[in-house]
Amino acid sequence: MIRPKSQWVFYRRARPYIRGILSGLITLLILLCLCGGIFTLIQGDEAKAVITGRVILIAACLVAGIFTGGAKGKNGFIAGTFSAVIIFTLCLISSLITGGFTGESIILKLILCPVAGCIGGIIGVNIIKERY
């Protein structure tokens, strides 16, 4: 009789992705609060806020890729891209729910987020390999 795989096997395989996505979301929230406070204090214009929002999303995808690739230790290209796509999807869903979706530059973000996650995954794997 073949025993079904344990839930722990799934959790062990999903743990690097969970760690990477959570670190990316935490980075996203911290940078959004920080830049939001700065823009409120200096009363910045909207064009700079849009560019800053894109940079923050790309930085969050990069951090998610670094943590995911570092936790997996191999295939950082795929792991970082997958975690960045998840973060992009979560941001897209939240903007659709809150009503802040304008649709502008979604293709640009859809291209830049996985690329940043891919680069982050490669960096994360290389950091771990240098360490050990």
Side-chain angles (χ1 to χ4, degrees):
M1 179 172 168
I2 299 174
R3 295 176 59 184
K5 289 189 176 183
S6 173
Q7 292 177 339
W8 295 106
V9 173
F10 172 75
Y11 177 71
R12 190 177 67 219
R13 289 183 181 168
R15 187 175 16 186
Y17 296 103
I18 293 170
R19 184 179 297 165
I21 291 168
L22 285 177
S23 65
L25 290 175
I26 289 170
T27 303
L28 180 75
L29 290 175
I30 290 172
L31 288 176
L32 278 176
C33 291
L34 182 67
C35 290
I38 291 172
F39 269 93
T40 302
L41 288 176
I42 64 170
Q43 297 176 354
D45 58 342
E46 189 174 338
K48 291 179 183 174
V50 170
I51 293 171
T52 306
R54 290 179 193 154
V55 170
I56 289 171
L57 182 61
I58 290 168
C61 290
L62 183 75
V63 168
I66 289 172
F67 275 82
T68 305
K72 277 196 66 98
K74 61 180 181 176
N75 296 333
F77 185 86
I78 297 169
T81 303
F82 181 72
S83 62
V85 168
I86 295 293
I87 287 182
F88 173 76
T89 306
L90 290 174
C91 290
L92 182 65
I93 289 171
S94 68
S95 69
L96 288 172
I97 290 173
T98 60
F101 180 72
T102 58
E104 66 181 52
S105 72
I106 192 167
I107 302 297
L108 180 66
K109 291 177 188 175
L110 184 61
I111 293 170
L112 289 178
C113 285
V115 168
C118 169
I119 293 170
I122 293 169
I123 291 171
V125 169
N126 289 330
I127 287 173
I128 293 300
K129 287 194 178 187
E130 286 179 7
R131 183 188 250 173
Y132 295 109

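Numbers for residues simply follow the sequence, beginning at 1.
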Can I get a per-line list of side-chain donor-acceptor pairs under 3.5 Å for residues 113-124, giving both atom names and the distance, sequence neighbours left out?
none

Per-pair distances, 0.1 Å, donor-acceptor, side chain in residues 25-49, under 3.5 Å, sequence neighbours excluded:
from, atom 1, to, atom 2, distance (Å)
T27, OG1, S23, O, 2.8
T40, OG1, G36, O, 2.7

**Report entry** Partner residues of T89 under the side-chain contact (heavy atoms from CB on, under 4.5 Å) criterion, sequence neighbours left out
**Finding:** V85, I93
Requested in this report: Sequence neighbours left out, what passes side-chain contact (heavy atoms from CB on, under 4.5 Å) with L96? Give chain and number order.
Outcome: L92, F101
Report summary line: The side-chain hydrogen bond (donor to acceptor under 3.5 Å, both in side chains) partners of R15 (sequence neighbours excluded) come to none
Report summary line: Looking only at heavy atoms, the pair that brings I87 and A64 closest together is CD1-CB, 3.4 Å
Query raised in the report: Excluding sequence neighbours, so at least two apart, what forms ring pair (Phe, Tyr, Trp, His ring centres under 6.0 Å) with Y17?
Result: F82
What's the separation between atom [atom1] in [X] and atom [atom2] in [Y], rounded to the nearest 0.5 Å?
X: F88; Y: I111; atom1: CZ; atom2: CD1; answer: 10.0 Å
X: S94; Y: L90; atom1: OG; atom2: CG; answer: 7.5 Å
X: I86; Y: C91; atom1: CD1; atom2: SG; answer: 11.5 Å

Query - Side-chain cluster (under 4.5 Å, hydrophobic types only) that I58 belongs to, other residues - result: L108, L112
N/O donor-acceptor pairs under 3.5 Å from side chains in residues 71-81, not counting sequence neighbours:
from, atom 1, to, atom 2, distance (Å)
T81, OG1, F77, O, 2.7

